[in-house]
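Note that the coordinates shown come from a computational prediction; the quantities given were computed from them, not determined experimentally. What's counted below: heavy atoms across the whole structure, side chains too, no hydrogens, waters or symmetry copies. Numbering of residues begins at 1 and proceeds along the displayed sequence.
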Amino acid sequence: MVRNYTTAQLLEKVREIDGFKGYPQEYWLLGVRSNEDTANRFDDKFYLFLSEQFILVTSGTTNPGTPTLMQFEKVNKKGAAVLKSDKWYYNVWHFGKHQGKVDALLQLGAEVEVYRDTDKDDDSEEQGVLDRGYFGINFHPNTYKPSAPKTNVIGWWSAGCQVVNDLNTYKRIITMCKPQKVVSYCLINEFN
């Protein structure tokens with residue numbers, strides 16, 4: 001699991017990230033990708049901020065699950081999408097329904113950059129071809145059920161999406177972000 005950071009540490013780190021144009025004035029999300037990166041496990045963190053104010057933190061994944069990594073052709077013949085980290089994605093998400101089933105933040109506002117992982121192993125790697133565009137890299141929970149227990153296995157829940165595995169905290173995030181026209185995202189790697 002990703003180490004704990006202070007608000008000051010996180011805000012300082014994201015200022016250094018490629019494409020930083022200032023802190024969004026509304027709610028925005030920060031993903032921190034674990035250096036450990038345990039295969040097929042929710043071992044990353046998502047932080048919700050309101051401008052420079054920390055609101056909450058929850059667990060999740062910023063990586064595709066093992067099924068996608070091993071059978072990427074079922075999702076995209078180019079390879080499993082691994083969102084490029086240490087990058088800002090301003091105004092990337094709009095509120096909508098993931099797969100038409102659950103409230104989510106959908107990649108409708110801006111392009112993203114993903115690496116296409118094609119080596120069919122358990123490691124989600126930022127290597128190989130860098131692809132830029134609209135790929136449905138959404139922010140959603142790991143269930144379509146209105147109440148589901150927290151789970152640690154990613155499975156098919158992420159084919160590149162940023163996925164939360166704590167439904168109650170996820171609902172709080174969506175409730176706060178829903179009124180906004182767009183939501184920005186920054187993804188960083190765990191740091192010392």
Inset, instruction - Check which hydrophobic residues are tied to W156 through side-chain heavy-atom contacts below 4.5 Å, counting indirect links as well, and list them. - result: V75
Legend entry - Counterpart residues, side-chain hydrogen bond (donor to acceptor under 3.5 Å, both in side chains), relative to E12 (two or more places apart): none
Legend entry - Residue pairs fulfilling ring pair (Phe, Tyr, Trp, His ring centres under 6.0 Å) with at least one residue in residues 98-137, sequence neighbours excluded: H98-H140
Legend entry - Side-chain heavy-atom pair R33, E126 within 4.5 angstrom cut-off: yes
Inset, instruction - Report the distance from atom CG of D43 to atom CG of N152, rounding to the nearest 0.5 Å. - result: 9.5 Å
Legend entry - side chain to side chain contact (heavy atoms under 4.5 Å, CB included) partners for D18, two or more places apart: K87
Inset, instruction - Kindly write out the residues that satisfy side-chain hydrogen bond (donor to acceptor under 3.5 Å, both in side chains) with Y170, not counting sequence neighbours, or none if the list is empty. - result: none
Inset, instruction - List, by chain and number, the other hydrophobic cluster members for V14, where Ile, Leu, Val, Met, Phe, Trp and Tyr join if side-chain heavy atoms come within less than 4.5 Å, directly or indirectly. - result: V2, Y5, L10, L11, I17, F20, Y23, W28, L30, V32, Y47, F49, F54, V57, W88, Y90, I188, F191
Legend entry - Qualifying residues under salt bridge (charged side-chain N to carboxylate O under 4.0 Å, His left out), relative to E111, sequence neighbours excluded: R132
Legend entry - L29 side chain reached by Q162 side chain, heavy atoms, under 4.5 Å: no
Inset, instruction - Under the side-chain hydrogen bond (donor to acceptor under 3.5 Å, both in side chains) rule, collect the residues that match up with D123, sequence neighbours excluded. - result: none
Legend entry - For D131, salt bridge (charged side-chain N to carboxylate O under 4.0 Å, His left out) partners two or more places apart: K78, R116
Inset, instruction - State, to 0.1 Å, how close W93 and I137 come at their nearest heavy-atom pair, and which atoms those are. - result: NE1-O, 2.8 Å
Legend entry - Set of residues satisfying side-chain hydrogen bond (donor to acceptor under 3.5 Å, both in side chains) with respect to K150, sequence neighbours excluded: S59
Legend entry - Counterpart residues, salt bridge (charged side-chain N to carboxylate O under 4.0 Å, His left out), relative to E73 (two or more places apart): K120
Legend entry - Which residues share a salt bridge (charged side-chain N to carboxylate O under 4.0 Å, His left out) with K101, sequence neighbours left out: none
Inset, instruction - Could you grab the distance from atom CG of L167 to atom CG of N142, nearest 0.5 Å is fine? - result: 7.5 Å
Inset, instruction - Rounded to the nearest 0.5 Å, what's the gap from CG on L48 to CD1 on I173? Could you check? - result: 5.5 Å
